[in-house]
J.: 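Take this structure first; my questions come after.
Predicted model only: the values in this text are computed from it and were never measured.
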Amino acid sequence: MSVDVDADVAGAIVTGDATTAQGQYHVPLHSANINVDIAAADGSHQRNDLIILEIKDDTHDSGGSNVARVRVVTGTPNGSAAKTDALGVNGTPSLPASSIALAVVNVPATDTTIETAQADDRRGLALPKLVVPACRVYDATGFNFINGALTKYPFDTASFDTGPVAMFDAANNRIYARQAGLYRISAISQWNFTTAADLLLRIYVNGTTKGQNQTHLTGGANGYSTGVSMTWSASAADYFELFYYQDAGTPAAPTGEAASQLSVEWISAAS
């Protein structure tokens with residue numbers, strides 16, 4: 001016995017959950033039907049089988065495959081099984097890791113042919129929301145600049161944090177990638193000085209300088225801003241910090257999101 005899974009027009013998004021913060025996978029549409037085999041019917045009781053779209057990613061599940069596939073999870077015969085049962089009920093299989101349900105197929109005892117009426121569509125009507133890891137942090141409480149020393153910005157507030165796991169580590173004033181990919185990192189700092197000064201902004205990745213902007217002010221500047229930006233191919237464990245240097249004394253740093261901020265945004269999968 002077998003079932004045809006119809007061609008689709010939109011593709012699908014599957015959340016990987018074989019490991020924590022695995023991320024999401026976009027599966028492109030397929031233009032032809034996919035035929036999957038249904039195991040032989042039980043001789044005494046009906047059974048619910050589950051058809052799924054599954055992601056196999058050897059990096060996270062150690063299964064030896066890197067593929068998106070449609071397959072059937074065979075249920076357990078149960079005299080009460082009905083095609084509308086919730087997953088995990090009356091012998092209906094539970095959803096495996098890193099997969100989405102497509103349909104439940106009810107296989108009566110001794111059945112030899114699957115009809116359309118035996119299937120219950122479980123695809124839903126809309127694609128899940130794609131979670132794009134992004135985080136922006138700033139200083140909301142205020143501090144005085146340290147004079148003549150490279151110092152980490154003491155960010156304390158997140159404007160947004162949309163990672164699969166929280167990206168902002170407030171205790172260490174850093175942002176973690178949490179999901180592998182190519183990231184855009186950008187930062188700005190506002191300076192209110194009345195004397196000449198050397199100004200420096202540095203983006204650190206895992207404790208090492210990877211981007212910087214250095215400026216010399218010949219006189220005082222009220223509300224003068226500098227910025228630095230870069231892209232970085234990150235692993236899920238990479239973290240980003242912003243350091244500053246200035247030598248104009250210990251003036252108060254302007255507070256608020258518009259005055260100083262560090263932003264980290266996932267832009268694509270790593271090549």
J.: To the closest 0.5 Å, what do you measure between CD1 (I38) and OG1 (T112)?
T.: 13.0 Å
J.: Counting C-beta onward and ignoring hydrogens, is there a side-chain heavy-atom pair between K152 and F155 closer than 4.5 Å?
T.: no
J.: Between NE2 of H216 and CG of L200, what distance do you get to the nearest 0.5 Å?
T.: 14.0 Å
J.: Side chains of N78 and H45 only: does a donor on one sit below 3.5 Å from an acceptor on the other?
T.: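 Side-chain D/A pair, N78 to H45: absent.
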J.: Run through I34, V36, L53 and flag the one making a side-chain contact (heavy atoms from CB on, under 4.5 Å) with L102.
T.: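 That would be L53.
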J.: Please name all residues satisfying side chain to side chain contact (heavy atoms under 4.5 Å, CB included) with Q46, sequence neighbours left out, ordered by chain then number.
T.: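 Scan of Q46 (side chain to side chain contact (heavy atoms under 4.5 Å, CB included), adjacent residues dropped) gives A81, N106.
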J.: With a 3.5 Å cut-off and no angle check, do the side chains of S263 and R136 form a donor-acceptor pair?
T.: yes
J.: How far apart are the closest heavy atoms of Q24 and T15, and which atoms are they?
T.: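 Smallest heavy-atom distance, with atoms named: NE2-OG1, 3.1 Å.
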J.: What verdict does the side chain to side chain contact (heavy atoms under 4.5 Å, CB included) test give for I188 and S225, after you've listed the backbone C-alpha separation in whole Å, the side-chain angles of each residue and the deciding distance to 0.1 Å?
T.: CA-CA 7 Å; I188 60 170; S225 295; 5.6 Å; no
J.: Above 12 or not: heavy atoms from other molecules or residues under 6.0 Å from CZ of R71?
T.: yes
J.: Looking only at the side chains, is there a donor atom on one of T226 and W191 sitting less than 3.5 Å from an acceptor on the other?
T.: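 Looking only at side-chain atoms, W191 and T226 do form a donor-acceptor pair, the distance falling under 3.5 Å.
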J.: Which pair of heavy atoms, one from H26 and one from I13, lies closest together, and at what distance?
T.: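 Looking at all heavy atoms of both residues, the shortest contact is CD2-CG1, 4.2 Å.
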J.: So, D49 and R47, do they make that salt bridge, N to O below 4.0 Å?
T.: yes
J.: Please check this pair: side chain of D61 against backbone of D57, looking for a donor-acceptor N/O pair closer than 3.5 Å.
T.: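 Yes: the side chain of D61 pairs with the backbone of D57.
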J.: Check S80 against D85 and note the closest heavy-atom contact, atom names and distance.
T.: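 Nearest pair, atom of S80 first, then D85: O-OD2, 3.9 Å.
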J.: Side chains of I185 and T231: does their closest heavy-atom pair fall under 4.5 Å?
T.: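 In short, these two side chains do not touch, never coming nearer than 4.5 Å.
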J.: Checking D156 against T141: is there a side-chain donor and acceptor pair closer than 3.5 Å?
T.: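 Looking only at side-chain atoms, D156 and T141 do form a donor-acceptor pair, the distance falling under 3.5 Å.
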J.: Residues two or more places apart in sequence or in another chain: which of them pass side chain to side chain contact (heavy atoms under 4.5 Å, CB included) with S94?
T.: none
J.: Which distance, rounded to the nearest 0.5 Å, do you find between the CD of Q261 and the OG of S189?
T.: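 Between atom CD of Q261 and atom OG of S189 there are 10.5 Å.
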J.: Do the two ring centres, one from Y204 and one from F243, sit under 6.0 Å apart?
T.: yes
J.: Just jot down the side chain to side chain contact (heavy atoms under 4.5 Å, CB included) partners of A149, sequence neighbours excluded, or say none.
T.: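 Per chain and number, A149 pairs via side chain to side chain contact (heavy atoms under 4.5 Å, CB included) with I146, T151.
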J.: Applying ring pair (Phe, Tyr, Trp, His ring centres under 6.0 Å), name anything that partners Y245, two or more places apart in sequence or on another chain.
T.: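 Ring pair (Phe, Tyr, Trp, His ring centres under 6.0 Å) check on Y245 returns nothing, list empty.
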J.: If the threshold is 4.0 Å, N to carboxylate O, is there a salt bridge linking R122 and D120?
T.: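 A salt bridge links R122 with D120.
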J.: Between K83 (side chain only) and A103 (backbone N and O only), is there a donor and an acceptor less than 3.5 Å apart?
T.: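 Between the backbone of A103 and the side chain of K83 there is no qualifying donor-acceptor contact (under 3.5 Å).
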J.: For the residue pair E241 and N172, confirm or rule out a side-chain donor-acceptor distance under 3.5 Å.
T.: no
J.: For this output row, return yes or no: ring centroids of Y176 and F168 closer than 6.0 angstrom.
T.: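 Ring centroids of Y176 and F168 are no less than 6.0 Å from each other.
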J.: As a quick check of understanding, evaluate side chain to side chain contact (heavy atoms under 4.5 Å, CB included) for V105 and N48, giving each step before the final call.
T.: CA-CA 6 Å; V105 177; N48 283 338; over 6 Å; no
J.: Using the side chain to side chain contact (heavy atoms under 4.5 Å, CB included) rule, take M230 and I203 through it: C-alpha gap first, then chi angles, then the decisive distance, then the call.
T.: CA-CA 9 Å; M230 55 177 276; I203 294 174; 3.8 Å; yes
J.: Minimum heavy-atom separation for P254 to S260, with atom names?
T.: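 Where P254 meets S260 most closely, the heavy atoms are O-OG, 4.4 Å.
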J.: To the nearest 0.5 angstrom, please state how far the CG atom of N66 sits from the NE2 atom of H60.
T.: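 Rounded to the nearest 0.5 Å, the CG-NE2 separation comes out at 9.5 Å.
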J.: Could you check if a side-chain atom of E54 sits within less than 4.5 angstrom of a side-chain atom of P96, using non-hydrogen atoms only?
T.: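 Yes, at least one pair of side-chain atoms sits under 4.5 Å.
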J.: At their closest point, which heavy atom of V89 faces which heavy atom of T92, and how far apart are they?
T.: O-OG1, 2.8 Å
J.: With the 4.5 Å side-chain cut-off for hydrophobic clustering, are L242 and Y138 part of the same group?
T.: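 No; Y138 is not reachable from L242 via cluster members.
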J.: Could you tell me how the ring of Y153 sits relative to the ring of F143: parallel (under 30°), tilted (30 to 60°) or perpendicular (over 60°)?
T.: perpendicular
J.: List in chain and number order the residues that pass side chain to side chain contact (heavy atoms under 4.5 Å, CB included) with N35, two or more places apart in sequence or in another chain; answer none if no residue qualifies.
T.: S2, D4, D37
J.: Take Q190 and Y224 through the side chain to side chain contact (heavy atoms under 4.5 Å, CB included) test and state the conclusion after the steps.
T.: CA-CA 6 Å; Q190 182 175 320; Y224 182 80; over 6 Å; no
J.: Is V104 isolated, or which residues cluster with it under the ILVMFWY side-chain rule of less than 4.5 Å, directly or via members?
T.: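 ILVMFWY cluster around V104 also holds L50, I52, V73, L87, L95.
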J.: Has R174 got its NZ or CZ under 6.0 Å from the middle of the six-membered ring of Y239, at an angle within 45 degrees of the ring axis?
T.: yes
J.: Please confirm whether the ring centroid of F145 lies under 6.0 Å from the ring centroid of Y244.
T.: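 Yes, close enough.
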J.: Kindly say whether A177 contributes a backbone atom to a donor-acceptor pair with the side chain of Y183 at under 3.5 angstrom?
T.: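 At least one qualifying donor-acceptor pair exists.
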J.: Short question: side chain of D247, backbone of D198 - any donor-acceptor pair under 3.5 Å?
T.: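 Here the side-chain-to-backbone pair exists.
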J.: Within this structure, what is the OG-CG distance for the pair S229 and N213, rounded to the nearest 0.5 Å?
T.: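 So the OG of S229 and the CG of N213 are separated by 9.0 Å.
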J.: For G249, does its backbone N or O pair with a side-chain atom of Q246 as donor and acceptor, under 3.5 Å?
T.: yes
J.: At their closest point, which heavy atom of A12 faces which heavy atom of I100, and how far apart are they?
T.: CB-CD1, 3.9 Å
J.: First locate atom CE of M167, then atom OG1 of T162, and finally report the distance between them rounded to the nearest 0.5 Å.
T.: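 The OG1 atom of T162 is 7.0 Å from CE of M167, to the nearest 0.5 Å.
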J.: May I ask you to decide if A180's main-chain N or O and W266's side chain share a donor-acceptor pair within less than 3.5 Å?
T.: yes
